[in-house]
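Here is how names work: the chains are called A, B, and so on, in the same order as the sequence lines, proteins then strands, and each is numbered from 1. This one's a predicted model, so the numbers in the text were calculated from it and none came from an experiment. Quick note: numbers below take in every heavy atom, side chains included, and nothing from hydrogens, waters or symmetry partners.
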Amino acid sequence: MTTIVLDTLTKRFGDNLAVNAASFTLETGSFTALLGPSGCGKTTILRLIAGFEQPSAGSIHFNGRQVGSPGAMVPPERRSLGIVFQSYALWPHMDVASNVAYPLQARGLGRAAIDERVGAALEMVSLAGFGQRSVDGLSGGQRQRVALARCLVTGTDIILLDEPLANLDVHLRAEMLDVFARLHEKTGATIVFVTHDQSEALALADRVIVLDRGVVQQSGRPEQLYNEPANAMVAGFVGRGMLVSALVSDGRVTLADRPVLVRGQVQGSKAALLLRPENLTLADAGIPAAVVAARYSGAGYDTILQLANGEQVLLTARERLEPGRPVHFAIEDAWIVPG
Amino acid sequence: MTTIVLDTLTKRFGDNLAVNAASFTLETGSFTALLGPSGCGKTTILRLIAGFEQPSAGSIHFNGRQVGSPGAMVPPERRSLGIVFQSYALWPHMDVASNVAYPLQARGLGRAAIDERVGAALEMVSLAGFGQRSVDGLSGGQRQRVALARCLVTGTDIILLDEPLANLDVHLRAEMLDVFARLHEKTGATIVFVTHDQSEALALADRVIVLDRGVVQQSGRPEQLYNEPANAMVAGFVGRGMLVSALVSDGRVTLADRPVLVRGQVQGSKAALLLRPENLTLADAGIPAAVVAARYSGAGYDTILQLANGEQVLLTARERLEPGRPVHFAIEDAWIVPG
Amino acid sequence: QEGKLVLYTSQPNTDAQQTADAFMAKYPGITVEWVRDGTPKIMAKFRAELEAGAPLADVLLIADVVTMEGLKAEGLLLNYPEADTTGFDASLFDEDGAYFSTKLITTGIVYNTAATMVPASWLDLTKPEAKGQIAMPSPLTSGAALIHTVTLTDNLAEGWDFYSALAANGAQASGGNGDVLTAVAGGEKLYGMIVDYLPIREAAKGAPVAFVFPTEGVSAVTEPAAILASAHNPDNAKLFIDFLLSEEGQQLASSQGYVPARDGIALPAGYPDRAEIKVLPYNAAAALANETANKEQFGEIFGQ
Amino acid sequence: MATALFVDGTFDASLLLNRLVRGATQRAIFNTLDTSLFGALLALMLGGPFALLIAATDMPLRKLQGFLLILPLMIAPQVMALAFMHLLGPSSALLGALGLAPPPGTANPLLGRGGIILLFGIQHAPIVFITLRAGLVSIPRDYVEAARAAGMGPARVLRGIVLPLLGPYVIAAAALAFVSGVGNFGIPALLGMPENYLTLATLIYQQLSSNGPTVLPQVAGLSLLICAIAILGIGAQGLALRRRQFALTRGMPMQFALGRWRWPAAMAGMLALSVALLLPAAALITTSLVPAYGVALSTATVTLDNYAEVLLRQASTMRAFVNSSYLSLLAAAILALLAVPLALGMARLPRTFARLAHGVLELPYALPGIVLAIACILLFLRPLPLLGSLYATPWIILIAYLMRFAALALKPVEAALGQLPPDLTEAAAASGAGAIRRLLTITAPLVAPAAAAGALLVFMSAFNELTVSALLWSSRNETIGVILFSLEESGLSPQAAAVAVITLVVIMVLLALLDRLSGRLPTGVLPWR
Ligand SMILES: Nc1ncnc2c1ncn2[C@@H]1O[C@H](COP(=O)(O)OP(=O)(O)OP(=O)(O)O)[C@@H](O)[C@H]1O
Ligand SMILES: Nc1ncnc2c1ncn2[C@@H]1O[C@H](COP(=O)(O)OP(=O)(O)OP(=O)(O)O)[C@@H](O)[C@H]1O
Ligand SMILES: [Mg+2]
Ligand SMILES: [Mg+2]
């Protein structure tokens, strides 16, 4: 079992700080999502952990042993980890079984042992009997699972996944979510997966690390991130919701002169409130606003309301409200975004 | 103003029927979404309308004039329409203004007139003053808008958009949704846009045409598609929800021996019910089920329940329910999927 | 009588092959390897090898004695005074036995049978009918051509003026004899200065060319053979020289379409009587001494 | 290269200056620039329309035409020149049969400047075609369709959109064609030397072959001149390109519908190709079937004797076939084996070093063969410490081939490596495989087809090669190119034609073989696919 520690890890490409002093610990058996917009450095962190890139500063330790630092590097082939690339990176000149067997051959196992473990790994991803198939003829989800089997076959306890669901269509996505969940349960491996899709991160991980421009913004359980985002970036990136500015006096928060029930720390005379649509309801009495636009979303109408001060909030209405119409809404819950 | 009529339009690529006898009418001033999974023929229909492909069978009429048929074709340059490609297709050897001016040059306008209309078009997409910029230096959303300006500049009344939002990030997407809505309001053009994202289609269009494997599955208002899907494919593709099989006796529909309030036509002794999560609630009494899995989604926990007959439904719970736990749920609304 | 023999020759490919084949038929134990190229090129090659310290050739069989004189002076040739020279005029071999002429190759005039004027004299080539229609080998690339030039300028009353007149008449001097044959047989030029055997042989095969021995006489090279001092197989080389000079070897030369050097061998078909061929005299030693000057004079006239 | 030229301590600037002021040298410089420039223009005019028709329209017979158009590149220039001379001379059997042959006494219209330019045009049209085609398929159809939707007809779209986007490729194609002309020996040798119309390449050859190694220093100077011109050409290209690089999006390549012009266009293309290729080939075959040059071909005169002569009787020709075969095979095999590690190594180098290494590898291919040969003579004439002198052994030719064709073998492998996603090897590393194992089990098998394609290209080019071996061959080590040239020089045109026909057949067979392999190669390795 492996604990991975990143200590002020920094990676520079030329002038570009891809990863900027990232420090966090990945506990044994944890399932962590690296979440962030495109280019924020997620893949780079994964590649630093895998050993494909050398840190510009800081270090990486596996179970206390330093494996990566600007001075020295354990090469990827000696880190004993499994990685699934976004592209799957199956070798087209080998069949499914040979792809899966490769890591075992690299470790010098015998024929019989290899065959047995390859069979078991294919079983695990529900691909028993696919061994002789060419990888070219597989569907996206099947490739995904072959790649997974290849990374599992050595019984490694670190599994790295780079946008594992990005290339799959909606149905395959749901199926693979199940596979990952099952896998984590069964193997107890330390899993790190990279995604730019907050719903994936929230649904799968027991720990989410949000990155922006190379800097760790917040790290915590999914509920924590959603309910108590540490700053405006996380508030905007995770879930839907709008920030509005409220006034603070005597420790009480008011919006449009009405008191609001809030969670979080009050500081100074102003507060940035995160209002999520599921916590807002139309009410006869409440904060006055005007409808700006309504868009059908199936389950309801995503309605944008404008406050008197020009700020906007998002609310889900059951009917289509005409733009311009004055309404009132009530706030059931709000979070004061720090900073 | 232009009405576009497709009459049993068919396009074959070798053995592949990309579009199979599609018939529909795009009314003057309508905003239509072509929705469907990858490879269903959306782009092909757009290209048939634009005149880049010749029909294998059937015909296309603009205002009653035939413009495309297996025998004869009006070439794209004489159809007087605007098109925005997924790639934007801005010409890199011209600056922004020249890109926008090109369609006017094709029409032989004078310098002064061109400058004026280019200015107006750039204004419309909020890019005034960008004329001298090279297109290489623009962001995705800016490129998108230059392409839009180029397609608007001639005052054409047919605008075709191919996955106009696919390359944009979440924030730009929201912004461009606004631009399109405003544009439709202002110009009153007949707009057709292609997407594989049902939420985009529902939010933007006043008419959605769902395609699958080249065949039109359903065509109607967004609410119609969501609430009354014409078949299982549409039910599965638009919105979230699960199909369960109910029994019909004496014109009454029962699920697990409990009566269910349904909309739709009862036929025979069985009915496929579409149950959407927003219409299901946990209830003390109700249909018995067992929790299969729960995934955090921010606004709640997407919980999969299994009925006694093994079928599954999706429900949004406020708390995390442990797998295996027995629950009951009530159905507020259900739709009998025809066919 | 075994091992191999390396022959550097300027004979055309076919002839070189036949000579080698005939020799090997006589001495089955010996393999002949031969390399063919124009005389200056084959010499350039030989000298480059010499410089690299690994000359490969045993026997040289090249167009002219001038080159042989030079090689002899440098001591690069092996004397073979024991060679049987019966039937050879004394002028046809070196008194020390350094080299031996094997045949007489004369240079005369070839014309395309479609030409209206049939030339009889060298001076006919300066007539207007021949304007722009003359091809000749360049002495800068062909050894035989150089000797021909020297012989004609020495013997004709006009001297170098003859060549100036040729140049004025649009004569084109380039490449070797093969290029001249190609040009005249292909009809691109109507007249050419060329060695005798090429057009006579090709005419026999049906090519539309004919050869003329001009009235003033012809120049001749004698295609001498010599053993190199650096030869790896001197014994085989001696056998080869003997073979070339023997009646058998001379018959072979005749059958290939050459005038044999040895008396008493019949001339090949298509040649006039031996007595009718008037060979103009020429001084090899002087030619060697003036080689550069002659080349330069020629180059000046023809602007090369 | 330069060091090779200076290795011989006798190089001296005054010699070069002496050379320069000589009329013959000045004339040769002018002729070189003249023919290369106009040849490049002609190649553009020939290859450009074909590239457009084949890459960007629905013209029928596209693939066949692409294949045929590429042939001149695979056929030795001297064979090409020979074929055209036999086609157009007064004794042309083909024209004769049609009653169109010019009367005897008419100089071959191809001799001299015009013919050289024409053949440069034909010989280098494939380079233009390949380059422009690569450019055309990189222009996504969206650009064109957007322009047509904007209301422009096909002709104006071509002028306003396609050509400007193609600009860098046009410049690159012209520069390549120009440099190829500067370095070409076979065509000016056969079409220029008979008329004393010399280019730098033929001037060097003539100097060297009539004066021997004594003129090496002067000749080295002339070689430097060629290098300078070639480098100038490439440099000018780089300069012109710097200002016009566009970032293009990716997408399906464009295609224009020709409508009712489809078949007329195809016919016109085939006609042009027949004139440029099939007719001269036919002329070559005809010549190879007559007993002597100038004899008209008829049932009475037809003979296979030339084939019998070169194949059965002349040991040297057979030896040349064997030599060329094993030299080219060896070169191909060695380069195929070296290509993968070499390409990998170069990819690892820092950018500037990689570019330098590329330059070093590409130069011998871009330079005239004759210059390379001289460099080899200078390098290997003197005995080497362990090996002794390589001159006058086949090894010097092999080494020259390896230097000359390394770029050819490397190109497809680099293309394949470039297309090889890095994560394939990274996945292997993560699986625990070390560098050597990765190379052997992942990289090498995946790029093997490309290495094979490169090897075949090397084989074909080396099999035909004349310019390098013309100066490097020695007793028993003659190559086909040398034999061909020498037969032609001895006036044995029909036999030369027979040899040329045989090499043509070999090349065609190899190309067909390569075509068969195409399914397993990365895209873009086979220029006609
Ligand atoms: N090999 C490289 N050389 C130069 N810059 C690089 C390299 N790899 C990544 N970068 C840069 O580092 C930054 C972070 O890249 P990274 O691939 O880690 O982003 P990401 O979060 O994975 O984004 P995405 O979601 O788009 O995959 C980007 O600005 C990227 O351009
Ligand atoms: N030029 C073509 N040649 C051959 N087949 C084609 C061509 N264009 C499209 N097809 C095929 O026709 C079918 C429909 O393609 P189309 O591009 O219309 O799909 P789409 O709905 O736009 O899909 P996506 O969402 O992936 O863009 C696909 O199977 C596609 O492979
Ligand atoms: Mg990434
Ligand atoms: Mg599409």
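- Residues D:Leu424 and A:Pro92 meet the side-chain proximity criterion, which asks for heavy atoms closer than 4.5 Å.
- For A:Leu104, no part lies near chain D; criterion is any non-hydrogen pair under 4.5 Å.
- For the residue pair D:Ala429 and A:Phe52, the shortest heavy atom distance occurs at CB-CE2, 4.1 Å.
- Closest heavy-atom contact between D:Thr441 and A:His93: O-NE2, 2.8 Å.
- Taking 4.0 Å as the cut-off between side-chain N and carboxylate O, D:Arg437 and A:Glu77 do not count as a salt-bridged pair.
- Taking a 6.0 Å sphere around CZ of A:Phe13, one finds it holds more than 12 heavy atoms contributed by other residues, nucleotides or ligands.
- Annotation for D:Glu426 and A:Phe85: closest pair OE1-CE2, 3.5 Å, computed over non-hydrogen atoms.
- For A:Gln54, the CD atom counts as densely surrounded, since its 6.0 Å shell holds more than 12 non-hydrogen atoms of other residues, nucleotides or ligands.
- Crowding of A:Arg213 atom CZ: a count of heavy atoms from other residues, nucleotides or ligands under 6.0 Å not exceeding 12.
- If you take CD on A:Gln105 and OG on D:Ser431, they are separated by 10.0 Å, rounding to the nearest 0.5 Å.
- Looking at D:Ala428, the atoms closer than 4.5 Å to chain A (heavy atoms on both sides) sit in the backbone and in the side chain alike.
- Listed options D:Pro421, D:Ala435, D:Gly434 were ranked by heavy-atom pairs under 4.5 angstrom with chain A; first place goes to D:Gly434.
- Counting all heavy atoms, side chain and backbone alike, A:Ala106 lies closest to D:Ala433 at CB-N, 3.9 Å.
- Side chains of D:Ile442 and A:Met94 form a contact here, defined as non-hydrogen atoms less than 4.5 Å apart.
- Heavy-atom distances place the side chain of A:Arg107, and not its backbone, under 4.5 Å from chain D.
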